[in-house]
Amino acid sequence: MGLGYTIFAKPFLAIQDSEKAHSRALKLLRLMVSNPITRGTVSLLYKPSKQVPITKFGLDFNNPFGIAAGMDKRAEALRGWEALGLGFMEIGGITMLEQLGNPKPRMFRAGKSKALVNRMGFNNPGSEKIALQLNKHFSKHGQPRIPLWINLGKSKLTELEDAPTDYATTMQRLWKYADAFVINVSSPNTPNLRELQNDEELKKIIDSCKAVNNTESESQGISLKPILVKISPDVDDNQLSAIVNTARSNGCSGIIASNTTTSRPSENSGKEQKVFAQTGGMSGLPIQTSTTEMISKIYKMTDGEFPIVGVGGIMSGEDAWQKICAGASLLQAYSGFVFEGAALTKQVVNGIEKKMRQNGYSTLDQAIGSAHRDD
Ligand SMILES: Cc1cc2nc3c(=O)[nH]c(=O)nc-3n(C[C@H](O)[C@H](O)[C@H](O)COP(=O)(O)O)c2cc1C
């Protein structure tokens, strides 16, 4: 949807069904990057002119800005994300089993508030089909040029107590293709999924994913892949601290803060009320401040020693900078692309580079968490 925004006229987009517009935009991006000339044009128009390199979890990123999970659920536009100059891409959520997700419509846009409400429900082709597709992609185009992360969700049909096997099976099927994995226990759209954030449940999922990581790493002679946990913004401070501790003490590499929220803005225009009345998770501008505060809290509770991926309402370079200063090492966006278009990457990356220069930082690492220090 967001990419289409820059390509189609705004009024045209405004009357399109949100999910259809999104799918058309992905198809268009895919088409454009399939030809070297149009691929070059996409890069020329949208690729940031600056690089803001950073190394985290042993992975090198040209810049810290990636697409958030949900944007490319079917891994359809991998070369498109590279061409747009993103620092990394997270595909999925992918579940062990193929599933249709919730009935449509299930994605809603509140333009004035720059917010989305979605209840997609992990619609995806399932881990087996995604493995085949990635295999095809890798054979044809080789390894992606930017780190590829895979978001793991739980199949709706799988009982909560069998969740560890569900996550681990997807991870095993996709292990060789990913540079990192994200355990998503925070989507509001799969019944009871968020219960898996509880200490014991989360530990079991992490353990089963770690077991796959160890086995695959040994058998393929490749180093272990980072595993991160993505959390909900709807947890209180005690729950937040418990989840972060569980992830950290059980060997995860970092935290993604955060997923969508079930809360709604306290004020909104009458027209948007219809969108906010929809069941589902809200993303975009209304969660910008709360997710930055969450990053700050995690940074403080871990003394800045546990990498945080900041996501929630990034619409500009300034918003991205706030999250870096609060303690995020890497950043992601979904809604920002919908409302600001494909030029968001350029705005964010060039914006961060400018802020670094203004503040006298020569590396991004110096800026991370700077709001907590008197530098
Ligand atoms: C339509 C849609 C689908 C999403 N699907 C997933 C998903 O499958 N897995 C996940 O972890 N997050 C998913 N998310 C959440 C985003 O990755 C992100 O955490 C959230 O939207 C906040 O970022 P934003 O304000 O930049 O959109 C989805 C978000 C949207 C809007």
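Counting starts at 1 for both ligands and their atoms, in listed order. Not measured: the values here are computed from a predicted model.
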Check whether the ring centres of F65 and F337 lie less than 6.0 Å apart, and answer yes or no. yes
Check: K323/T291 side-chain N/O donor and acceptor closer than 3.5 Å: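 The criterion, which ignores hydrogens and geometry beyond distance, is satisfied for T291 and K323.
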Do W149 and D179 have a side chain donor and acceptor closer than 3.5 Å?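 There is no such pair between these side chains.
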Of all the non-hydrogen atoms in the protein, which one sits nearest to [atom], and at what distance?
| atom | answer |
| --- | --- |
| atom 27 (O) of ligand 1 | S335 OG, 2.6 Å |
| atom 13 (C) of ligand 1 | A69 O, 3.4 Å |
| atom 26 (O) of ligand 1 | Y334 N, 2.9 Å |
| atom 21 (O) of ligand 1 | S283 CB, 3.2 Å |

What is the ring orientation for F88 with F61, classed by angle as parallel under 30°, tilted 30 to 60°, or perpendicular over 60°?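 Answer is perpendicular, since the angle exceeds 60°.
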Do other residues, nucleotides or ligands put more than 12 heavy atoms under 6.0 Å from [X] [atom1]?
| X | atom1 | value |
| --- | --- | --- |
| R30 | CZ | no |
| I222 | CD1 | yes |
| K156 | NZ | no |
| Q358 | CD | yes |

Ignoring hydrogens, just give me the one of [options] whose non-hydrogen atom is nearest [atom].
| atom | options | value |
| --- | --- | --- |
| atom 8 (O) of ligand 1 | G313, G93, S186, S187 | G93 |
| atom 18 (C) of ligand 1 | K230, R109, M315, Q332 | K230 |
| atom 29 (C) of ligand 1 | N151, N118, T95 | N118 |
| atom 5 (N) of ligand 1 | G70, S18, G284 | G70 |

Does ligand 1 have a heavy atom under 4.0 Å from the side chain of N259, from its backbone, from both, or from neither?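 Contact part for N259 vs ligand 1: both backbone and side chain.
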Can you tell which part of M71 has a heavy atom less than 4.0 Å from ligand 1: side chain, backbone, both or neither? neither
Hey, are the side chains of L160 and E201 touching, using non-hydrogen atoms and a 4.5 Å cut-off?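 No, every pair of side-chain atoms sits at 4.5 Å or beyond.
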At a 4.0 Å cut-off, with the gap strictly under it, does some heavy atom of G153 reach an atom of ligand 1?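 Under 4.0 Å: no for G153.
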Does K73 have a heavy atom less than 4.0 Å from any atom of ligand 1? yes
Salt bridge between K112 and E272, side-chain N to carboxylate O under 4.0 Å?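 No, no charged N to carboxylate O under 4.0 Å.
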Below 4.0 angstrom from a heavy atom of [X], which ligand 1 atoms are there? Numbered from 1 as shown, please.
| X | result |
| --- | --- |
| A68 | 17 (O) |
| L116 | 31 (C) |
| A333 | 26 (O) |
| G312 | 23 (O), 25 (O) |
| V311 | 18 (C), 19 (O), 22 (C), 23 (O) |

What side-chain donor-acceptor pairs closer than 3.5 Å can you find for residues 128-137, not counting sequence neighbours?
residue, atom, partner, partner atom, Å
K129, NZ, E98, OE1, 2.8
K129, NZ, E98, OE2, 3.2
Q133, NE2, R74, O, 2.9
Q133, NE2, A75, O, 2.7

For ligand 1, which is the ligand I care about here, please tell me if N184 has any N or O atom under 3.5 Å from one of the ligand's N or O atoms.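 In this structure, N184 places an N or O atom under 3.5 Å from an N or O of ligand 1.
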